[in-house]
Amino acid sequence: MGLFGSIAGGALGAVGSIFGGISASKAMKKVKKNLQAQKKANQDWYDRRYNEDATQRADAQAILTRTEESIKNRNKQAAGAQAVMGGTEESVAAAKAANNEALAQATTNIAVNAEARKDQIEQQYQQKDAQIDDALNNLEINKAQAISSAVQGVASSVGGMAGAF
């Protein structure tokens, strides 16, 4: 009965190692699939956010609208003052030029902020991408260790069975 018990124990050990290896492999495939989905989602987020037109964002549109309304009001005031007080066309033109400069400055500020925002988006993307790559690399290391453990378990079981003869 001792020889049969050793063979049966060795066979069960080998089956257990193989089953454990298969289960670990399935779990790792699922984790890898999830990590790859995260990587794709991160890339999609980056592509969408990085390539946005900063001037079309709601905050930029609000700034531009307020600046344009302010300019219209100042242009009307300058034209009204010129009509009432007898100012020159040059003074009205100077006021309009100054107002146009204010609009150009607002647009420039939006562009500068957009570049800073793009830098931040790129930094977030790279950080997240590196985290996902690290997780994928660790998964591969764990996979290799699980395979090694399964092979050692089978080898030990087979060795135990051979020793029984």
Side-chain angles (χ1 to χ4, degrees), residues 16-155:
S17 293
I18 292 169
F19 180 74
I22 291 170
S23 296
S25 178
K26 284 181 181 181
M28 287 181 196
K29 283 180 185 177
K30 186 175 182 179
V31 170
K32 185 174 183 177
K33 184 178 177 182
N34 289 341
L35 287 169
Q36 288 170 332
Q38 286 179 14
K39 193 167 179 79
K40 183 177 180 341
N42 189 46
Q43 183 67 50
D44 292 346
W45 172 85
Y46 172 78
D47 291 342
R48 185 178 61 254
R49 296 294 305 272
Y50 190 83
N51 294 312
E52 285 180 326
D53 181 356
T55 61
Q56 298 305 310
R57 290 175 39 99
D59 56 341
Q61 285 296 310
I63 290 169
L64 291 174
T65 299
R66 283 193 307 270
T67 303
E68 288 171 347
E69 286 173 5
S70 176
I71 288 169
K72 285 179 188 176
N73 290 336
R74 285 186 288 193
N75 284 344
K76 285 180 187 177
Q77 289 172 352
Q82 189 259 346
V84 171
M85 300 172 77
T88 64
E89 289 292 324
E90 290 82 21
S91 65
V92 173
K96 286 183 179 181
N99 290 335
N100 286 337
E101 179 60 31
L103 182 61
Q105 186 61 45
T107 304
T108 299
N109 290 344
I110 289 169
V112 167
N113 290 338
E115 285 306 310
R117 192 175 146 281
K118 280 186 173 188
D119 289 345
Q120 183 183 23
I121 288 168
E122 188 168 3
Q123 184 181 15
Q124 285 177 292
Y125 165 77
Q126 288 175 347
Q127 184 178 20
K128 182 71 171 176
D129 198 52
Q131 289 171 346
I132 294 169
D133 284 342
D134 285 347
L136 285 168
N137 289 336
N138 288 335
L139 182 69
E140 291 301 320
I141 290 168
N142 290 338
K143 185 176 177 182
Q145 289 172 343
I147 290 170
S148 176
S149 294
V151 168
Q152 287 175 354
V154 170

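From a predicted model like this one, the values you see are computed outputs, not experimental measurements.
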### Summary
Residue pairs meeting salt bridge (charged side-chain N to carboxylate O under 4.0 Å, His left out), one or both in residues 72-81, sequence neighbours left out, come to none

### Message
Using only atom types and a distance under 3.5 Å, with no angle test, would you say the side chain of Ser70 pairs donor to acceptor with the backbone of Arg66?
### Response
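No: the side chain of Ser70 does not pair with the backbone of Arg66.
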
### Query
Hey, does the side chain of Asn42 reach the backbone of Tyr125 with a donor-acceptor pair shorter than 3.5 angstrom?
yes

### Task
Compare every heavy atom of Ala54 with every heavy atom of Ala60, then report the nearest pair and how far apart it is.
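Shortest heavy-atom separation between Ala60 and Ala54 comes out as CB-O, 3.1 Å.
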
I need the [X] [atom1] to [Y] [atom2] distance, nearest 0.5 Å.
X	Y	atom1	atom2	result
Leu139	Leu35	CG	CG	6.5 Å
Asn100	Thr67	CG	OG1	12.0 Å
Asn142	Asn137	CG	CG	11.0 Å
Gln127	Ile132	CD	CD1	11.0 Å
Asp119	Arg117	CG	CZ	11.0 Å
Asp59	Leu64	CG	CG	9.5 Å

#### Entry: Under-4.0 Å salt bridge between Lys40 and Asp44
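Judged by the 4.0 Å cut-off on N to carboxylate O distance, Lys40 and Asp44 do form a salt bridge.
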
### Query
Just wondering, more than 12 heavy atoms not from Lys118 lying within 6.0 Å of its NZ?
yes

### Message
Can you confirm whether more than 12 heavy atoms, excluding those of Gln56, are under 6.0 Å from its CD atom?
### Response
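Yes, CD of Gln56 has more than 12 neighbouring heavy atoms, counting only those of other groups under 6.0 Å.
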
### Task
Report the residues that fulfil salt bridge (Lys or Arg N to Asp or Glu O under 4.0 Å) with Lys32, sequence neighbours left out, ordered by chain and then residue number.
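Lys32: salt bridge (Lys or Arg N to Asp or Glu O under 4.0 Å) contacts with Glu140.
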
### Summary
Taken in chain and number order and not counting sequence neighbours, the residues that satisfy salt bridge (Lys or Arg N to Asp or Glu O under 4.0 Å) with Asp47 are none

### Query
Going by atom types only, do Gln105 and Asn109 share a side-chain donor-acceptor pair under 3.5 Å?
yes

### Query
Given side chains that start at C-beta, do those of Gln124 and Trp45 come closer than 4.5 Å, heavy atoms only?
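In short, these two side chains touch, coming nearer than 4.5 Å.
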
